[in-house]
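Here's the structure, in structure tokens; my notes come after.
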Protein chains: 2
Amino acid sequence: MNRQLPSEPGQSRYGALAVAMRARIVQGEWPPGAALPAEQALAAEHGVALGTMRRALDLLAEQGLVERVHGRGTFVKAGLSGAPMFRFFRFGDAGVEPPRSRILSRDKMAAPADIARGLGAAPSDTLLRLKRLRLVGDRPCLYEEIWLPLPLFEPLAKGDLVAWGDLLYPLFLERCGVHVHRAVDAISFGNLAATQARVLRLSTGHPCARVQRQAFDVAGRCIEMRTTLGDASAFHYTVSIT
Amino acid sequence: MNRQLPSEPGQSRYGALAVAMRARIVQGEWPPGAALPAEQALAAEHGVALGTMRRALDLLAEQGLVERVHGRGTFVKAGLSGAPMFRFFRFGDAGVEPPRSRILSRDKMAAPADIARGLGAAPSDTLLRLKRLRLVGDRPCLYEEIWLPLPLFEPLAKGDLVAWGDLLYPLFLERCGVHVHRAVDAISFGNLAATQARVLRLSTGHPCARVQRQAFDVAGRCIEMRTTLGDASAFHYTVSIT
DNA sequence: AAGTGGTCTAGACCACTCT
DNA sequence: GAGTGGTCTAGACCACTTG
């Protein structure tokens, strides 16, 4: 039927379909974890052939927005789950026991200019700041400073810290309804300041690896700025290039 | 026509086709840079529908083995070209002028066990070892130690070093017929030994970033082990996770 | 104008998962 | 067995590149 006209947005019809489907997902028409309607149904609804809708869904799968499972269906992806910070570091006894977390401080204040800019906030905006220590067994391994935008993360600004558990992202979801969908980590090397060195039980000026993370939700808004510091000699990461 | 039987290797017919095409490419039926026959011709030759052959070629394109250009054809990829080592480092005046190279030494000797293992060589095999300095302007920036397997790279073991130019991979291709197709870089952190520090004009024990590279040709054989060292404070790298 | 890859369709059958 | 995504086909038209 619809023979000509490739359509408008990117270029191809399946590209446009992917954009449309992405919008419906972001607007919450199907919550994370839920199954989308069958390909046939979606194709009919949008008035395209089955293969075209498949192409669109495959695109969204490549982008990590949905997950396709043979014989079961197509599901909205439920964001980043685990504690992927430790993939940058090798601590001797890791892998045996899961890393634990301890919140060192929690306060509200204006952020440095680069942090505010990363979050898309005004330089004078008040944000939520967390300092956190991550441990393997009893050994302090990573020091983190985390900035969160404040109307959104108000539920974390009060209440008991003990009930938080070891992972933040599941907490973001339960308390604030925020799904972390994508993150960008910038790696560099530096030296520990005195206070940072103290909690990590290293000497001031000790070489450290710094991972600056910017995390985004499904809609593409930045919802977290995080700086992680760890002993440089424990750092290890592998990149494949083609 | 050929309705049933999904075929053997991986599972799908297009998967098997991709494997077959990969073999033909690796065996040199079409040299790097050359154009493959048209999809129609290949599909007819293998007795499959056009769409199936397209799927197979798309797969090879994803894997970086071929490159598809609209309206022109499908081409065997010519391997890694540039000097992608500098993507891990930010030196102030980089980007303005291209980095230069200076070979510090060239000799034949047995390699440490891990190097030999990485190259798939016996621990006692004699290999070609290069030490190289990379400069931006007149400023020494990176120090490299490069190990190459020896029957293959014999053409580099003799002759004038001045004619080598600033990039190794094009040289590998011209002199030895080796295409670097894929590489794996392992990033870690350490301190400069005395000799390394001297050529980089830094102090002994200065913090450094270490990039350990393992490079492979189209057939998947490791053809280079390289260790690159640079000032840790100049290191910078970004990872996107989903 | 001819040749290439890119998109779209319509319909068939296969493989997996759940009940 | 019913429903899902995965594969394959056959043929049409579109968009880009080159002579």
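Just so it is clear: chains get the letters A, B, ... in the order the sequence lines come, proteins before strands, and each one is counted from 1.
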Quick note, B:Ala49 side chain, CB onward, closest among D:dC8, C:dC8, D:dT9 is D:dT9

Atom CE of A:Met53 and atom C1' of D:dG5 are separated, to the nearest Å, by 14 Å

B:Arg13 atom CZ is separated from D:dT9 atom C1', nearest whole Å, by 10 Å

Establish, with yes or no, whether the OP1 or OP2 oxygen of D:dT7 is under 4.0 angstrom from a side-chain nitrogen or oxygen of B:Tyr14. yes

A:Tyr237 meets the ring-ring contact (aromatic ring centres under 6.0 Å, His included) criterion, sequence neighbours left out, with A:Phe88

Contact check, residues 56-75 of chain A vs DNA chain C, heavy-atom distance under 4.0 Å, returns A:His70, A:Gly71, A:Arg72

Run the salt bridge (charged side-chain N to carboxylate O under 4.0 Å, His left out) test on A:Glu39 and A:Arg68 for me, step by step, so that the C-alpha distance in whole Å, both residues' side-chain angles and the decisive distance to 0.1 Å come before the verdict.
CA-CA 11 Å; A:Glu39 299 173 337; A:Arg68 320 204 67 180; 2.3 Å; yes

Open item on the list: Under the criterion salt bridge (charged side-chain N to carboxylate O under 4.0 Å, His left out), I'd like the reasoning laid out for B:Arg100 against B:Asp166: C-alpha separation, chi angles, the key distance, then a yes or no.
Closed with: CA-CA 5 Å; B:Arg100 296 185 301 118; B:Asp166 292 320; over 6 Å; no

Q. Is it the case that more than 12 heavy atoms not belonging to A:Arg221 sit under 6.0 Å from its CZ atom?
A. no

Assert: residue with more 5' nearest nucleotide on DNA chain C, out of B:Arg54 and A:Thr52, is B:Arg54

#### Entry: Verdict with reasoning, A:Arg226 to A:Glu144, per salt bridge (charged side-chain N to carboxylate O under 4.0 Å, His left out)
CA-CA 7 Å; A:Arg226 177 192 305 208; A:Glu144 296 187 316; 3.0 Å; yes

In terms of heavy-atom contacts, B:His181 and B:Val218 come closest through CB-N, 3.7 Å

